[in-house]
Each structure stands twice: as C-alpha cells, then as structure tokens.
Amino acid sequence: MKPPSFDYLRASSLDEVWNALNRDDDVKVIAGGQSLVPLLSLRLASPSLLVDITQLKELMGISCDSNVLRIGALTRHTTVEKHPLIVAQAPLLAQAASWVAHPQIRNRGTLGGAVAHGDSAAEFPAALLALDATIIAWSRGGERRIPAPNFFEAYFTTALAHDELLAAVELPVGRAGATWGFEEFARRRGDYAIGGAAVYAERGGDGVCRAVRAGLLAAGPAPCLAPGLAESMVGRVVDAHLIDCAVAAALGQLTPGANVHGGSEYRRAVIGEMLRRALASAFELGEVA
Ligand SMILES: Cc1cc2nc3c(=O)[nH]c(=O)nc-3n(C[C@H](O)[C@H](O)[C@H](O)COP(=O)(O)OP(=O)(O)OC[C@H]3O[C@@H](n4cnc5c(N)ncnc54)[C@H](O)[C@@H]3O)c2cc1C
C-alpha cells in the first residue's frame with residue numbers, strides 16, 4: 001500500500017524541530033523509518049508533516065563517564081550490537097540488539113526510534129528496563145530525565161510529550177558482580193518475540209544475589225519488569241530451585257493477552273520459560289535449554 005501524502009522536512013537544527021513540533025499535533029518525527037514507514041503504508045498513521053531528525057549531531061554519539069554509559073538516540077541498532085564501549089559496558093544491550101529484526105532493518109533503525117515506539121514485544125525496552133536506564137527527553141523547554149519504568153505507560157504509549165524528542169539513554173555501568181542473560185522465543189529469528197526476558201543481576205562472590213531485574217518481552221500491553229523478582233531473590237544464594245520459585249511468583253502476577261501467536265496461558269508459559277533460562281544463564285547454572 002502507499003502512504004498518504006505528507007510534507008517532509010529534513011531538520012538541520014533542533015530549533016527547526018521545535019518549530020515544527022509546536023506547529024500542530026499532526027507532525028511526527030522520523031528517524032530510521034523502520035516502524036513509522038510501515039505504519040504510514042498501512043495508513044495507521046497520517047501525519048501532515050514528517051520531520052527527519054537523522055542529521056542532528058546532538059542526538060548522536062556514545063560515551064562513558066563516571067560509570068554512566070550514554071547512547072545517542074540516533075545510534076543504529078547495528079552500532080548498538082557492535083560498538084566496543086557498548087559490548088564491554090552493557091553486553092545485555094548489545095545482545096538484545098542482535099535479536100532485533102534482520103540486518104537490513106538493524107542498519108537503519110535507531111535506538112531512540114525503537115524506544116519511542118514503545119512496542120512491548122521489542123528487545124530494547126526490555127533491556128533498558130533491566131539495566132535501570134534513564135531516558136533523556138529534550139524539548140524547547142529543556143531536558144527531562146525519565147526512569148525507564150516510568151517511560152513505558154501503555155500500549156504503544158510512552159511518557160514522551162508530543163513536543164519532546166528522545167535525545168539519548170543513559171545506563172549505570174561498572175557495578176561489581178554484574179551479570180546478565182537474554183532469551184527470546186520467536187517463530188523465526190528476526191520476527192518479533194512471542195515471549196522473552198532480559199535479565200540484569202549483581203552477584204556476590206558467595207553466590208548471593210545482590211540485585212536482579214528482568215525486562216519482559218510481549219508480557220503485556222507495554223514493556224514491563226518481571227514483578228517481585230528482587231523480593232524473591234535478593235539476599236539469597238541462587239540455585240535452580242530459587243529461580244523456579246521466583247519465576248512462578250512473577251508469572252502469578254502476569255496476564256499476557258491472547259494474540260495470533262497463542263492464548264494467554266501459552267504465552268505466559270513461554271515468558272516463564274524464557275525468564276527461567278535468562279536467570280539461569282545470568283547465574284551460570286549450567287544447561288538452560
Ligand atoms: C520487518 C520488520 C521487523 C521488525 N522486527 C523487529 C523486532 O524483532 N524487534 C524490534 O524491536 N523492532 C523490530 N522492528 C522495528 C525496528 O526495530 C525499528 O527500527 C524501530 O522500532 C524504530 O526505529 P526507527 O529509528 O526506525 O524509528 P521510526 O520508524 O523512524 O520511528 C518510530 C516511532 O518513534 C518516533 N521517533 C523516532 N525517533 C524519535 C526520537 N528520537 N524522539 C522521539 N520520537 C522518535 C517516530 O515519530 C515514530 O513514532 C521491525 C521492523 C520491520 C520493518
């Protein structure tokens with residue numbers, strides 16, 4: 001199908017973006033276009049003006065200072081997957097990137113676009129929730145720092161206001177005993193997840209869990225954290241039994257909706273198994289398959 005007609009502006013400054021976004025509610029920014037263009041073609045979106053932000057240097061770059069890794073919104077999925085700083089400091093995010101779609105899409109799609117899109121089946125939101133990320137939003141009025149759990153509000157709905165840009169994400173890094181696991185189930189590699197889990201944890205030398213968070217894929221209308229995980233695991237020596245109990249407690253609080261991929265019970269079982277495997281992998285508890 002063909003998209004409806006729209007005006008197009010390739011912004012060369014942030015001021016141009018603010019002017020356009022404040023014009024009316026019908027204006028949308030476009031980054032990689034890998035979610036927005038299909039929506040236009042299906043006529044699920046019909047903006048009057050598309051503001052192309054891909055030339056804005058302020059939204060680019062990857063840096064690490066004082067145990068905070070900052071990744072610009074325009075960073076392509078492929079770069080997230082391969083950049084040495086991200087691979088070294090946030091391997092969970094790099095691993096999550098490798099599961100997003102196919103190479104052609106990863107070459108064009110941006111981290112900011114994927115996060116702003118707010119799809120509950122997407123890999124980056126789950127990883128950012130697990131990594132305790134802060135989403136940096138800019139508008140003409142200045143900067144807003146939004147903790148990831150407050151950012152994803154509802155079905156394809158985030159805390160970004162219409163006149164805000166997602167500028168970057170920041171992650172705390174370099175914590176002692178940091179470990180991670182990522183598991184996803186999809187019908188084919190590159191498809192959206194039927195279920196999945198991104199786990200970040202901190203483990204003491206004595207095998208005790210010091211911190212744990214898991215972002216879930218396709219577990220509800222919005223990207224979300226596995227409920228109750230820290231209460232089940234922190235302060236305890238982690239073994240397979242503890243993980244089974246923690247997963248069962250989390251699943252008891254989840255009701256994934258039915259969709260073309262299966263009923264709610266099936267999807268809950270898939271998410272539970274992915275969470276179990278990701279936790280076992282993070283805590284190096286041997287064979288997880
Ligand atoms: C066949 C196919 C398979 C895919 N499979 C997956 C998958 O398995 N997992 C997955 O996560 N994704 C998947 N995607 C989506 C892909 O990852 C997109 O690249 C990503 O969701 C959006 O990034 P983008 O830069 O292309 O954003 P765009 O498509 O340009 O924009 C998406 C939305 O975000 C807004 N936006 C973009 N950038 C900003 C910004 N900086 N600030 C504020 N708003 C912004 C736009 O207005 C729009 O509403 C798939 C896409 C296709 C076509």
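Whatever order the structure lists ligands and atoms in, that order sets their numbers, starting from 1.
- The distance from atom CG of L74 to atom CG of L59, rounded to the nearest 0.5 Å, is 4.5 Å.
- Heavy atoms only, all atoms of each residue included: D163 and S139 are closest at O-CB, 3.4 Å.
- Near G33, meaning under 4.0 Å from one of its heavy atoms, ligand 1 places the atoms 24 (P), 26 (O), 27 (O), 28 (P), 29 (O), 30 (O).
- For atom 47 (O) of ligand 1, the closest non-hydrogen atom of the protein is V29 O, 2.6 Å.
- In this structure, atom 4 (C) of ligand 1 lies nearest to the protein heavy atom A101 CB, 3.4 Å.
- Counting only heavy atoms of the protein, atom 10 (C) of ligand 1 lies nearest to E123 OE1, 3.3 Å.
- At the top of the distance list for atom 27 (O) of ligand 1, counting protein heavy atoms only, stands G113 CA, 3.5 Å.
- Residue Q34 touches ligand 1 through backbone and side chain together, judged by heavy-atom distances below 4.0 Å.
- Between L166 and ligand 1, at least one pair of N/O atoms sits closer than 3.5 Å.
- Atoms of ligand 1 found under 4.0 Å from any heavy atom of I30, numbered from 1 in the order shown, are 30 (O).
- Among protein heavy atoms, the minimum distance from atom 31 (O) of ligand 1 is reached at L36 CB, 4.0 Å.
- When each atom of ligand 1 is checked for a heavy atom of L160 under 4.0 Å away, the hits are 43 (C).
- The side chain to side chain contact (heavy atoms under 4.5 Å, CB included) test with I30 is passed by exactly one of V37, V51, I53: V37.
- Close approach of ligand 1 to G190 is summarised as follows: ligand atoms under 4.0 Å from at least one heavy atom of the residue are 5 (N), 8 (O).
- Nearest non-hydrogen protein atom to atom 17 (O) of ligand 1 is H77 NE2, 3.0 Å.
- Taking the charged nitrogens against the carboxylate oxygens, R145 and E143 do have a contact shorter than 4.0 Å, which makes a salt bridge.
- Between H102 and ligand 1, not a single N/O pair is under 3.5 Å apart.
- Between the R203 side chain and the R210 main chain, no donor and acceptor come within less than 3.5 Å of each other.
- In terms of N/O distances under 3.5 Å, ligand 1 is not approached by A121.
- Proximity of A137 to ligand 1 is not established, as no heavy-atom distance is less than 4.0 Å.
- The salt bridge (Lys or Arg N to Asp or Glu O under 4.0 Å) check on E231 picks up nothing, with sequence neighbours excluded.
- Here's the thing with A31: one of its N/O atoms is less than 3.5 angstrom from an N/O atom of ligand 1.
- Near D191, meaning under 4.0 Å from any of its heavy atoms, are these atoms of ligand 1: 8 (O).
- The nearest heavy-atom contact from the protein to atom 2 (C) of ligand 1 is I105 CD1, 3.2 Å.
- Two different hydrophobic clusters hold F152 and L229 under the rule that ILVMFWY side chains link at heavy-atom gaps under 4.5 Å.
- Ring centers of H77 and F124: under 6.0 Å apart, within the cut-off.
- Nearest protein heavy-atom neighbour of atom 6 (C) of ligand 1: Y192 CZ, 3.4 Å.
- Remark: ligand 1 atoms within the under-4.0 Å shell around heavy atoms of A114 are 20 (C), 21 (O), 22 (C), 23 (O).
- Every heavy atom of V37 sits 4.0 Å or more from the atoms of ligand 1.
- Within ligand 1, counting atoms from 1 as listed, the ones closer than 4.0 Å to a heavy atom of T110 are 23 (O), 24 (P), 25 (O).
- The side-chain tip of R189 points at the ring of W99 from less than 6.0 angstrom away and within 45° of straight on.
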